[in-house]
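Each chain gets a letter, A, B and so on, in the order the sequences are listed, and its residues count up from 1.
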Amino acid sequence: MRFATWNVNSVKARLPRLLEWLEQTRPDVLCLQETKVAADGFPEREVAALGYETAAYGQGRWNGVALLSRVGLADVRHGFDGEPGFPDPEARAVGATCAGIRFTSVYVPNGRTPEDPHYAYKLAWFAALRDALAAQPGPAVVAGDFNVAPTDDDVWDIKVFAGATHVTAPERAALAALRELGLTDVVPRPLKGDRPFTYWDYRAGMFHQNKGMRIDLVYATADVAAAVRDAVIDREARKGKGPSDHAPVVVDLEPGTPGSPV
DNA sequence: ATGTCCTGTCAAACAGGA
């Protein structure tokens, strides 16, 4: 089976690109973030025409996550137990079981700056996610925009990030706490250059200079991680007219493993 | 580096967020 994660930065603005990409890439499951639509505004008909069921969790202008699947979509859950809000819950996590794997699409709070209340919210959100995942049995994939670069090599120039979010020790400790549950960071291959960036700012030609960050992550339980045949960043989707500022991460699993039809 | 893009308000430029 093939699954993917993509922060589309508005599913409405990205719809032509999304449909074209789905037809070309044909993932069995797609985790979407920053859909920026309420659930009733999600283009379900358009993706259904390509064979996908939708679980959309949205609130309108900000945030918004979704799961698309053509291998079943069971036990859909919006958010998770103990999820904090700011102050109210936001549309940042949606889970469903697809072909025997529990998928969760996550859009972690940005944090803004280490001094901002949104930063404490980000860490609290991570801690609650960890506790919710600890209580969850079976093969699982947690994928999405984590808004943390796991190592200094996961940003284009660590010196530029002095005093900034996405690279601080507490944020990285939050990722480590997820790995301590038994989750593996499935690091994708960059198809150009030597660093697996998934995000490049729209401004100042950052993409063309490959000044990016790896903040879109795939965390998988050991059984799923052991079945990974390949994982790549589809940088072609970051090119051309009207791209998202994030590229999709695409993961292929060996046949006959969790997630493959029996 | 603060250079772009997206949404919503409102009917053209802003504000706010990333």
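A:H118 places none of its side-chain heavy atoms less than 4.5 Å from the side chain of A:N110. Counting heavy atoms from C-beta on, the side chains of A:V142 and A:R102 never come closer than 4.5 Å.
Take A:E53 and apply the side-chain hydrogen bond (donor to acceptor under 3.5 Å, both in side chains) test, not counting sequence neighbours, and it matches no residue. Remark: A:D154 pairs with A:R214 by the salt bridge (charged side-chain N to carboxylate O under 4.0 Å, His left out) rule, at least two apart or across chains. Among residues two or more places apart in sequence or in another chain, the side-chain hydrogen bond (donor to acceptor under 3.5 Å, both in side chains) test is passed with A:T35 by none. When the salt bridge (charged side-chain N to carboxylate O under 4.0 Å, His left out) test is applied to A:D194, no partner is found at least two apart in sequence or on another chain.
For A:D145 and A:K211, each mapped to the nucleotide of DNA chain B holding its nearest heavy atom, the one lying further toward the 5' end belongs to A:K211.
Between the NE2 atom of A:H208 and the C1' atom of B:dT4 there is a distance of 12 Å, given to the nearest Å. Distance CG (A:L32) to C1' (B:dC6): 16 Å, rounded to an integer number of Å. Between the NE2 atom of A:H246 and the P atom of B:dG17 there is a distance of 17 Å, rounded to whole Å. Taking atom CH2 of residue A:W200 and atom P of nucleotide B:dA18, one finds them 20 Å apart after rounding to whole Å. Separating the CE atom of A:M206 from the C1' atom of B:dC5 is a distance of 15 Å, rounded to the nearest angstrom. Atom CG of A:D201 and atom P of B:dT2 are 12 Å apart (whole Å). Rounded to whole Å, atom C1' of B:dA18 lies 13 Å from atom CD of A:E90.
Looking at residues 109-121 of chain A, you'll see A:N110, A:R112 sit with a heavy atom under 4.0 Å from some atom of DNA chain B.
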Is there any protein nitrogen or oxygen under 3.5 Å from a nitrogen or oxygen in nucleotides 7-9 of chain B, and what are the pairs?
residue, atom, partner, partner atom, Å
B:dT7, OP1, A:S10, OG, 2.3
B:dT7, O2, A:R61, NE, 3.3
B:dT7, O2, A:R61, NH2, 2.6

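One side chain, A:W21 or A:D234, offers a donor N or O that lies under 3.5 Å from an acceptor on the other. No side-chain N or O of A:D153 forms a donor-acceptor pair with one of A:T151 less than 3.5 Å apart.
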